[in-house]
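This is a predicted model, so every value here is computed, not measured. Order of the sequence lines fixes the chain letters, A, B, ..., with proteins taken first and strands second; residue numbering starts at 1 for each chain. Note that these values count all heavy atoms, side chains included, but never hydrogens, waters or copies made by symmetry.
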Amino acid sequence: MAYKIVFFGTADFSLPSLDALLKDSRFEVVAIVTKPDAPFGRHQTLTPPPVKVMAQEHNVPFFQFEKIKMEESYEILKQVQNDRMVDAYVVVSYGKIIPQRILDLPKHGCINVHGSLLPRWRGASCVQSAIAAGDKTSGVTIMLLDAEMDHGDILAQKEIEINSDETSGKLHDRLAQLGAETLPDVLANYLNGKITPQPQDHSQATYCKILSRDDGKIDWTKSADEIDRLVRAYNPWPGTWTECDGKRIKISKVETGNWKELDDKRVNFQIVHDRLFIVCGSKSALEILELQPEGKRVMTAKEYIAGHPQVTSDN
RNA sequence: CGCGGGGUAGAGCAGUUGGCAGCUCGCCAGGCCCAUAACCUGGAGGUCGUGGGUUCAAGUCCCACCCCCGCAA
């Protein structure tokens, strides 16, 4: 008989894992819990989270609790537990902290898929943090949830290399896929007792915070390498930007450039042979390859220069 | 109707109080040079997002609509 699972998830990162469980005959996803529809996009239209869409496509019952902490949420999940004898919860990028008494409901606890090699990068921006910090590798951790964030015992880890030109968008997708490939076997082996959970080495823990757009303002006194990593790490979210003539310009693609050609006394955009450079800290420089002025679409540096023969940055 | 910027040549931009539609790059042809991302000469390429309106005259003023984007979430 199939193991009964309740899946908690909201974002795109959840989809491959949910899909893997839905397709696997060893599991029956008896219900899905996801966040409520939220205002989204330029017109603030109420939009369902991706996981809800997938739940509807597969005709799986789903719940969108306004507040997971409320009594009602607990009562409903308790009812599901009594009716279906759920074996485990699987939590992938749900987006809210689940209260302990809900975590205690399923017979064998709650399994989480996290996009980093725990205990490194506990928290909400694990993918961005790994790239921004210049990590050579990342991976996924399949773990048990406990009371503290990303703190529980580990069931399995898979490591992958971070490519030197990789953005968070790409790594995010690869990790979501890797998690989905790893999850089913690990989950089955945990439930049939073949895996013994291993505690994390808490002394090695590092943490990362939720990012906002303001975090993406580029500090040009940092070195070109640091900024290059930040640009890749914050692509596509939250994006990196700088101010120019009082307007915001997103910087979406850069490459470490040649310092020696540039005037080191200014920290401005500088045009050299149809190419756009900016002087950074530590005697380094970046070439801007792609940017997006406020209100405009993404364009190459060459296109930007065509309409801005003289450009300067306010920093 | 959350706030805001924008749609003008293949690309990026300018266009002043309405008065013959421009700039940089690219493209085509030719020239110069040991050579070039350089330079010179000539050329092609625009129903100014769409539909109405005002006017002798609208890219420009008025109304409606379509599309793109930044903030926010």
Side-chain angles (χ1 to χ4, degrees), chain A residues 8-15 33-53 64-69 93-97 123-125 127-128 167-169 172 208-220 227 230-263 268-279 285-315:
Chain A
F8 288 65
T10 300
D12 288 324
F13 191 83
S14 318
L15 294 179
V33 179
T34 189
K35 287 212 283 191
D37 295 8
F40 189 82
R42 201 164 283 121
H43 301 290
Q44 296 294 95
T45 36
L46 212 53
T47 305
V51 166
K52 174 181 173 178
V53 175
Q64 293 179 284
F65 301 127
E66 283 299 327
K67 299 225 172 190
I68 187 79
K69 284 182 175 176
S93 193
Y94 172 55
K96 297 205 174 195
I97 303 292
S125 56
V127 179
Q128 289 96 331
T167 62
S168 281
H172 170 281
C208 51
K209 59 168 188 171
I210 292 179
L211 297 171
S212 75
R213 257 189 175 117
D214 289 339
D215 294 314
K217 177 162 186 174
I218 296 175
D219 175 1
W220 294 106
I227 295 170
L230 195 76
V231 170
R232 287 185 289 110
Y234 285 12
N235 178 344
W237 173 260
T240 42
W241 52 276
T242 190
E243 297 269 336
C244 188
D245 297 331
K247 287 183 180 173
R248 228 174 241 223
I249 295 185
K250 283 190 179 181
I251 306 293
S252 52
K253 193 172 180 185
V254 298
E255 192 172 287
T256 50
N258 189 344
W259 152 262
K260 289 170 187 167
E261 295 178 30
L262 305 176
D263 175 1
N268 286 337
F269 285 156
Q270 297 183 36
I271 298 169
V272 183
H273 300 315
D274 287 344
R275 295 161 72 184
L276 190 59
F277 293 88
I278 189 158
V279 173
L286 277 181
E287 178 175 1
I288 312 295
L289 300 178
E290 278 180 10
L291 67 158
Q292 181 179 25
E294 202 174 301
K296 300 293 186 175
R297 53 185 80 206
V298 181
M299 63 185 79
T300 63
K302 191 174 178 180
E303 289 171 326
Y304 183 75
I305 292 168
H308 302 79
Q310 293 175 339
V311 289
T312 57
S313 166
D314 301 340
N315 292 296

(request) Rounded to the nearest angstrom, tell me the gap between atom CZ in A/Phe277 and atom C1' in B/A37. (result) 12 Å
(request) Could you state the atom-to-atom distance from CD1 of A/Ile271 to C1' of B/C25 in whole Å? (result) 12 Å
(message) Tell me which nucleotide, if any, is Watson-Crick or G-U wobble paired with B/U36 when both distances must be under 3.5 Å.
(response) none
(request) Round to a whole Å and report the spacing from CD of A/Glu303 to P of B/A11. (result) 9 Å
(request) Return the value, rounded to whole Å, for the distance between atom CD1 of A/Ile305 and atom C1' of B/C25. (result) 10 Å
(message) Do A/Ser168 and A/Asn235 make a side-chain contact, defined as non-hydrogen atoms from C-beta onward lying under 4.5 Å apart?
(response) no
(request) Grab the NZ-P distance between A/Lys302 and B/A37 for me, whole Å please. (result) 11 Å
(request) Only counting residues at least two apart or in another chain, list the ones meeting ring-ring contact (aromatic ring centres under 6.0 Å, His included) with A/Phe8. (result) A/Tyr89, A/Tyr94
(message) My understanding is that a pair needs two contacts under 3.5 Å, Watson-Crick or G-U wobble. By that rule, which nucleotide pairs with B/C20?
(response) none
(request) Specify the separation, in whole Å, of atom NZ of A/Lys247 and atom P of B/G5. (result) 9 Å
(request) Would you mind reading off the distance between A/Ile249 atom CD1 and B/G6 atom P, rounded to a whole angstrom? (result) 15 Å
(message) Just so I know, are the side chains of A/Val298 and A/Leu291 near enough to count as touching, which here means a heavy-atom distance under 4.5 Å?
(response) no
(request) Could you tell me whether the side chain of A/Gln128 reaches within less than 4.5 Å of the side chain of A/His172, counting heavy atoms only? (result) no
(request) Could you let me know what B/G2 is paired to, Watson-Crick or G-U wobble, both distances under 3.5 Å, or none if it's on its own? (result) B/C71
(request) If a protein heavy atom is under 4.0 Å from the base, mark B; if only from the sugar-phosphate, S; if neither, -; do that for nucleotides 66-73 of chain B going 5' to 3'. (result) --SBBBBB
(request) Calculate the interatomic distance between A/His308 atom NE2 and B/G6 atom P; express it in whole Å. (result) 12 Å
(message) Which nucleotide, if any, forms a Watson-Crick or G-U wobble pair with B/C65, using both distances under 3.5 Å?
(response) B/G49
